[in-house]
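The structure under discussion appears below in the form of structure tokens.
As the structure is a prediction and not an experimental result, all values here were calculated from the model. When a ligand or atom number is given, it counts from 1 through the structure's own listing order.
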Amino acid sequence: MPHPTLPYDVEAVRNDFPILHQEHHPGTPLIYLDNAASSQKPRQVIEAMNEYYRTTHSNVHRGIHKLSESATLAYEGARKKIRSFINASNWREVIFTRGTTESINLVAQTWGRANLGPGDVVVSSVMEHHANIVPWQILAAERGFSIEYIPVTSDGQLDLEVYERLLTQRSVKLVSVVHCSNVLGTVNPIADMARQAHQHGALFLADGAQSVPHMPVDVQALDVDFFVFSGHKMAGPTGIGILYAKRAILESMPPYQGGGDMIAQVTLQGSTWNELPYKFEAGTPSIAEAIGLGAAVDYLGQLGMTTIHRHEQSIIQYALERLSEIPGITVYGPDACRKGAVAAFTLERIHAHDVAQLLDADGIAVRAGHHCAMPLHQHLGVTASARASFYLYSTPSEVDKLAEALYKTRRAFAL
Ligand code: PMP
């Protein structure tokens, strides 16, 4: 099968990622196809963090000395880069967290605890990552509201008729749905869904963990109330992520954690809160990680998110074609034009963990298991799947090697 034409020189891009040039086992190059779990980092990000530690490190927002001022400038500079990357209207709407999981827990524990009670409904979906199910379940047990889940259709889409019915028939206060599924790859129509939610007086949270790294995202165009994502899936470091929310909503929310930096005034009788975004950033933040995320955003911006998306569309289309040749394979989710660069699959009569282990022996890193989406796997009728997920440095040759290794896996099981 001929290789697709790619929009940029992928080998030049790969040269920026030192880890991609190492051997996975002696004599076997690494083929990294676990990008939905975490992406690799270009040297521009690694160097930005090293440089910060070598020359600038100090605590932020505190000292009046020069180092602290430089660290604060770099940290706040990263926030401004991220504001522009997602087109938030104001830098105060960009809150640094540890990642998607912490961002959703923050919304649940602050906005949720203040606004949800008996009779209220949170709408989520069957295709969510556990990070967008469990925080609501924990809070529902405490506050007595209920959670309804939008089902998934046989072609891996959200059932939007049921969504419409839920909005009209229940007292929905919040819709919290994934932008792009980490298993099916489905890209959900978030802008339309948010508009419908607003028409029924509900707020809308989009989990952008699998969209922001791979496609242009404009939070104002989407008109979502909350948008969350993680740095480590978008060429940035671990330990840093973002909660974006509209300013008026953030102003109305109580703080999350208490401590340094999030206060205006503390007396032994009580405290008042700092202005946004610091109200939600208690304690010493992940300074180097924020700067690393800023460098990642620069890196992605230079390639261009539209171009990255085009590259990944070519790769996933080619991957779905190659995978469909393999006897006994089931690939989950919609066709290439309606999904991100994720292919979760099962091979008849071979457990997903065995598939992943045999691929690993050929240098191919994929993930196997429920991918933190157990309800979705229950819906699919499998306990586990193997998942190949691609990124801006993935190549058609890597897809070929995956397909060859899957043929080999079948032969190893005498199939
Ligand atoms: N939501 C989705 C869709 C994800 O793919 C992930 C990561 N697998 C998360 C949430 C959680 O992200 P993190 O572990 O970085 O908090």
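Only one option out of Val212, Leu106, Asn132, Leu243 pairs with Val228 in a side-chain contact (heavy atoms from CB on, under 4.5 Å); it is Leu243.
Ring planes of Tyr52 and His57: perpendicular class, angle over 60° (limits at 30 and 60°). Using cut-offs of 30° and 60° for the angle between ring planes, the Tyr299 and Phe17 rings count as perpendicular.
Between Asp354 and Arg349, none of the side-chain N atoms (NZ, or NE/NH1/NH2) sits under 4.0 Å from a carboxylate O, so this pair counts as no salt bridge.
Here the side chain of Lys41 pairs a donor or acceptor atom with the backbone of His232 at under 3.5 angstrom.
Contacts of ligand 1 (protein heavy-atom distance under 4.0 Å) are Thr100, Thr101, His129, Ala131, Val178, Asn182, Asp207, Ala209, Gln210, Ser230, His232, Lys233.
Side chain to side chain, Tyr32 and Ser39 fail the donor-acceptor criterion of an N or O pair below 3.5 Å.
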